[in-house]
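See below for the structure under consideration.
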Amino acid sequence: MRNDQESKRVVRVGTRGSLLATTQAETVRQGLIAAGLDAELVIVKTAGDLSAAPVQEIGVGVFTAALREALTDGKVDVAVHSYKDLPTAPDERFVIAAIPPREDPRDALVARDGLVLGELPTGAKVGTSAPRRAAQLRALGQGLDILPLRGNLDTRIGKVASGELDAVVVARAGLSRIGRLDVVTESLDPVQLLPAPAQGALAVECRAGDTELAEAIGTLDDPNTRAAVLAERGLLAELEAGCTAPVGAIAEVVESIDEDGRVFDELSVRGCVAAIDGSDTIRASIVGSTHNAEELGRDLARELLDLGARDLVDVTEPAASGGTPHV
Ligand SMILES: NCc1[nH]cc(CCC(=O)O)c1CC(=O)O
């Protein structure tokens with residue numbers, strides 16, 4: 001694509017090819033255009049798109065590594081990731097120049113006959129591949145039969161329509177972005193099912209040296225989302241060092257009132273670590289300043305470790321490219 005003004009740079013926005021990914025990337029492209037830039041989408045195939053194996057087997061970063069490679073190679077200028085798919089280890093080659101306002105981070109139940117979670121009978125077949133979801137669903141003690149599930153969102157919800165499964169659990173944000181909230185029979189309360197750290201949020205990345213572009217992308221940043229995501233990811237990073245069991249987390253900016261009646265913002269964080277067989281779930285929460293979000297998340301993680309998270313054993317196989325994906 002060429003612009004009439006020869007000098008105007010066309011920013012290439014890299015994305016995976018799924019409907020979910022391109023829809024997400026398109027919102028970023030529109031945001032960049034609103035910020036006065038010219039931008040086009042570039043589809044990048046990732047290992048996660050080429051393989052139908054469980055994410056635990058193909059490893060952390062399957063959805064994001066190829067996008068990051070395209071960024072380093074100069075094939076794209078911006079990479080739009082689902083934040084929760086990014087490995088927690090910082091990568092100095094890139095900056096997350098914007099974390100746009102997040103979607104509702106909750107998990108969603110898509111069940112036959114309009115059923116909600118509590119109405120699913122013993123032995124109901126529920127599809128999900130995320131160890132985090134499986135562990136928390138088992139912990140409910142309803143006797144649900146948790147079965148593996150992969151593929152794009154359409155494929156997954158199709159298994160309920162076809163009668164193969166009684167229900168599936170997926171990220172509500174994903175359904176929202178592809179315009180399929182109509183199939184949701186219940187948005188699951190975090191008290192029952194804590195979402196993945198950073199679920200529903202995007203990471204808009206560019207090369208670390210691309211300062212001008214980073215500044216332009218920065219106009220898409222939402223400080224409250226950034227604070228929440230940094231806390232959730234701080235919690236995850238700290239837990240990864242000390243335990244291998246699945247992790248759920250949600251952080252929210254809440255209004256508080258000080259002694260003089262002044263209203264101020266605080267960050268409320270809830271987290272859990274769950275045994276994959278559903279035998280135990282450790283939960284804790286913390287409230288603190290929005291200005292030190294990552295450290296607040298790490299504090300909560302240390303509390304979870306002290307409460308016994310260290311001893312919860314994850315029975316899933318270690319991933320090929322390192323670590324258990326907490327998605
Ligand atoms: N694990 C894959 C993945 N990565 C991001 C989303 C959905 C969108 C989001 O959470 O931001 C999904 C699908 C899902 O978990 O159901």
Side-chain angles (χ1 to χ4, degrees), residues 15-28 46-67 79-88 96 98-110 126-137 146 148-160 165 167-181 183-184 187-188 190 193-205 222 225 228-229 232-233 236 246-251 316 319 323-327:
T15 172
R16 294 170 56 198
S18 71
L19 175 61
L20 169 63
T22 54
T23 308
Q24 292 178 166
E26 179 61 18
T27 65
V28 171
T46 74
D49 300 316
L50 299 172
S51 164
V55 175
Q56 302 93 285
E57 282 170 24
I58 44 187
V60 175
V62 285
F63 296 119
T64 56
L67 271 175
V80 181
H81 308 282
S82 284
Y83 207 134
K84 71 171 181 176
D85 293 331
L86 277 177
T88 48
I96 297 176
I99 307 175
R102 97 194 294 183
E103 292 266 350
D104 186 328
R106 289 176 296 175
D107 280 319
L109 183 80
V110 178
V126 182
T128 177
S129 284
R132 173 188 60 79
R133 292 182 183 130
Q136 293 188 83
L137 288 168
I146 310 299
L149 178 72
R150 267 222 53 208
N152 63 35
L153 276 175
D154 266 332
T155 314
R156 292 197 244 171
I157 59 183
K159 298 202 170 181
V160 178
L165 295 171
V168 297
V169 177
V170 298
R172 190 182 190 282
L175 293 175
S176 164
R177 293 209 182 96
I178 65 167
R180 290 308 309 271
L181 282 178
V183 297
V184 174
S187 294
L188 299 171
L193 203 65
L194 273 179
Q199 185 157 296
L202 301 181
V204 187
E205 247 182 356
D222 178 55
T225 301
V229 165
E232 293 163 11
R233 297 276 292 183
L236 177 60
V247 173
I250 192 167
T316 54
T324 306
H326 295 277
V327 293

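Whatever order the structure lists ligands and atoms in, that order sets their numbers, starting from 1.
Near V170, meaning under 4.0 Å from one of its heavy atoms, ligand 1 places the atoms 16 (O). Proximity to R133 (heavy-atom distance under 4.0 Å) selects the following atoms of ligand 1: 14 (C), 15 (O), 16 (O). Residue A171 approaches ligand 1 through these ligand atoms, each under 4.0 Å from one of its heavy atoms: 7 (C), 10 (O), 14 (C), 15 (O), 16 (O).
With R106 contributing its side chain and P190 its backbone, the two residues share no donor-acceptor pair below 3.5 Å. The main-chain N or O of E103 is never found under 3.5 Å from a side-chain atom of R172 such that the two would form a donor-acceptor pair. Listed for the E205 side chain is no donor-acceptor partner under 3.5 Å among the backbone atoms of H81.
Annotation for V183 and V110: closest pair O-CG1, 3.4 Å, computed over non-hydrogen atoms. Closest approach of L67 and V80 over heavy atoms only: CD1-O, 3.7 Å.
Ligand 1 lies within reach of R177, whose nearest heavy atom is under 4.0 Å from it. Judged by the shortest distance from any of its heavy atoms, R156 lies inside the 4.0 Å radius around the atoms of ligand 1.
The side chain of S82, and not its backbone, has at least one atom closer than 4.0 Å to an atom of ligand 1 (non-hydrogen atoms only; side chain from C-beta on).
For atom 1 (N) of ligand 1, the nearest non-hydrogen atom from the set L20, V169, D85 belongs to D85. Closest heavy-atom approach to atom 10 (O) of ligand 1 within the set G174, A173, A201, G200: this belongs to G200.
For ligand 1, the polar-atom distance check against Q24 finds no nitrogen or oxygen pair separated by under 3.5 Å.
Under the side-chain contact (heavy atoms from CB on, under 4.5 Å) criterion, A251 pairs with A228, A231, E232, L267, V269, not counting sequence neighbours.
Within the 4.5 Å cutoff, no side-chain heavy atoms of R102 are placed close to those of D222.
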